[in-house]
2 protein chains.
Amino acid sequence: MFLSKSFGYALRGVLYVALLEPKGKKIKIEQIADKLAVPRHFLAKIMKKMVQENILTSTKGPYGGFSLSPITLQTKLLHLVKITDGMEQFNTCVLSLRKCNSKNPCPLHFQMLQIRDGMLAEFSKTSIGDLLDKKNPDFIKSISVI
Amino acid sequence: MFLSKSFGYALRGVLYVALLEPKGKKIKIEQIADKLAVPRHFLAKIMKKMVQENILTSTKGPYGGFSLSPITLQTKLLHLVKITDGMEQFNTCVLSLRKCNSKNPCPLHFQMLQIRDGMLAEFSKTSIGDLLDKKNPDFIKSISVI
DNA sequence: TTCAAAAAAGACATTAATGTCTTTTTTAGT
DNA sequence: ACTAAAAAAGACATTAATGTCTTTTTTGAA
């Protein structure tokens, strides 16, 4: 209901790279998919989208793989939501009424406005770097143990 | 993202009946579907579920249709969500991690907990009757104008 | 320059949500 | 009893999200 599986895969994928990449090597999609127990080719498509948005960097060929971009850690979660789920949900009426707005509200308009704005605020202010806790030795478990 | 179309159809359907039924007659599914511009047979399945949960009453045959039950107006929105979307979304980790909980949280655990609890609180306290504003001459428009 | 490794791209499969159409059951009035 | 009207039920279709498999492109190193 709240967010798609794709969003979860995107976030876990980028966090995995951010956690391991500083060791120097590029991270291969095969390793990410294995360790996170996520469908490999499905994840690959999502990683590719993040590369297109410059949220990650990738290099093809031997010794290639995924690595951080200059903006990875500053990227807001909302950017990931845009890529994986789109922003429509934040702007469309919960009852699917196109004419619904604050001048002409549906019976749930203001309740949903509050809930969505809360989520929007949270995801607008939180960055990938904010979620990354390299000091926590169990961090990798917190994104990989299913 | 937040709620399914089915939920929206359910709420609009029951509000429509609640608004018009006091005039005495049962409301036919055909009328509801027409006036709300909703797929008739799809709506019928959702209305049937509400009848099974006693959120509405229905009678077959000539002069039949849908009418209010004793509990219609006291029914919480969360009950509609249960019927149409289920409650899993409120109890499962946004990253699909089965082991995620407050002792062992994923990186988004507490943020999502807050957002979901906000929605849960709102939908637990708001009833169908709370949304029904019979004094408002435009109320019917607010659930039917798409 | 060739080879192998890696991401990228694309074709196809599966599943869940949504939507349509037909048949069955129930019931009020004649 | 019969008929017609209505919900209920069930079969099937469409669409979007998710998942799998294969082919293409790129590139580092021998």
Side-chain angles (χ1 to χ4, degrees), chain A residues 1-10 12-14 16-17 21 24-34 36-67 69 81 83-86 88-89 92 95-96 146, chain B residues 1-10 12-14 17 21 25-34 36-67 69 81 83-86 88-89 92 95-96 146:
Chain A
M1 176 195 256
F2 287 95
L3 290 163
S4 69
K5 282 195 172 188
S6 293
F7 169 80
Y9 294 161
R12 292 167 68 204
V14 69
Y16 186 87
V17 173
E21 192 251 13
K25 292 209 235 169
K26 311 278 175 62
I27 314 290
K28 293 193 280 273
I29 189 73
E30 189 174 12
Q31 177 187 350
I32 307 171
D34 283 357
L36 302 186
V38 154
R40 172 183 167 152
H41 297 287
F42 191 62
L43 176 63
K45 286 172 196 170
I46 297 167
M47 299 293 281
K48 182 186 64 174
K49 280 191 198 173
M50 290 197 282
V51 168
Q52 288 167 341
E53 296 280 329
N54 197 33
I55 293 171
L56 281 174
T57 300
S58 71
T59 57
K60 291 181 171 186
Y63 303 88
F66 292 92
S67 51
S69 81
V81 174
I83 291 176
T84 57
D85 299 62
E88 258 204 6
Q89 54 197 315
T92 57
L95 302 184
S96 312
I146 60 171
Chain B
M1 173 197 258
F2 287 96
L3 290 163
S4 68
K5 281 194 172 191
S6 294
F7 169 80
Y9 294 161
R12 292 167 69 204
V14 69
V17 173
E21 194 251 11
K25 292 209 236 169
K26 310 280 176 58
I27 314 290
K28 294 194 279 273
I29 189 72
E30 190 175 11
Q31 178 187 349
I32 307 171
D34 282 357
L36 302 185
V38 154
R40 171 182 168 153
H41 298 287
F42 192 62
L43 176 64
K45 286 173 194 168
I46 297 168
M47 298 294 279
K48 180 186 64 175
K49 281 191 197 172
M50 290 197 282
V51 168
Q52 288 167 342
E53 297 279 330
N54 197 33
I55 293 170
L56 281 175
T57 300
S58 71
T59 56
K60 291 182 172 186
Y63 302 88
F66 293 91
S67 50
S69 81
V81 174
I83 291 176
T84 56
D85 299 62
E88 258 203 6
Q89 56 198 313
T92 59
L95 303 183
S96 311
I146 60 172

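Being a predicted model, the structure only gives us computed values, none of them experimental. Just so we're on the same page: letters track the sequence lines, and every chain starts at 1.
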Sequence neighbours excluded and cut-off under 3.5 Å, please list the side-chain donor-acceptor pairs for residues 43-57 of chain A, or say none.
from   : atom 1 : to     : atom 2 : distance (Å)
E53(A) : OE1    : H79(A) : NE2    : 2.9
T57(A) : OG1    : L68(A) : O      : 3.4

Those residues that, when tested against Q31(A), pass side chain to side chain donor-acceptor pair (under 3.5 Å) (two or more places apart): Y16(A)

- line: Residues passing the ring-ring contact (aromatic ring centres under 6.0 Å, His included) test with Y63(A), sequence neighbours excluded, are none

- request: Would you mind classifying the nucleic acid contact of Y9(B) as base, sugar-phosphate or nothing, using non-hydrogen atoms under 4.0 angstrom?
  value: sugar-phosphate

Partners passing ring-ring contact (aromatic ring centres under 6.0 Å, His included) against Y9(B) (at least two apart in sequence or in another chain): F42(B)

- request: Output all residues satisfying side chain to side chain donor-acceptor pair (under 3.5 Å) with S69(B), sequence neighbours left out; order by chain, then residue number.
  value: T72(B)

message: Ignoring hydrogens, what is the shortest heavy-atom contact between Q89(B) and V81(B)? Give both atom names and the distance.
response: NE2-CG1, 3.9 Å

query: What does Q52(B) touch in the nucleic acid at a heavy-atom separation under 4.0 angstrom: a base, only the sugar-phosphate, or nothing?
result: sugar-phosphate

field: Those residues that, when tested against S67(B), pass side chain to side chain donor-acceptor pair (under 3.5 Å) (two or more places apart)
entry: none

message: What residues from residues 38-50 of chain A pass a heavy-atom cutoff of under 4.0 Å to DNA chain C?
response: K45(A), K48(A)

- line: With sugar-phosphate taken as primed atoms, P, OP1 and OP2 and all else as base, the protein-contact string of nucleotides 25-30 of chain D at under 4.0 Å (heavy atoms; B, S, -) is BBBBS-

task: List in chain and number order the residues that pass side chain to side chain donor-acceptor pair (under 3.5 Å) with T92(A), two or more places apart in sequence or in another chain; answer none if no residue qualifies.
output: none

Value in whole Å for how far the P atom of dA6(D) lies from CD1 of I32(B): 12 Å

field: Where A10(A) and T84(A) come nearest, the two heavy atoms and their spacing
entry: CB-CG2, 3.9 Å

message: Regarding I27(B), tell me which of base, sugar-phosphate or nothing describes its non-hydrogen contacts under 4.0 Å with the strands shown.
response: sugar-phosphate

- line: Min and max contacting nt of DNA chain C in 5' to 3' order, chain B heavy atoms within under 4.0 angstrom, are dT18(C) to dG29(C)

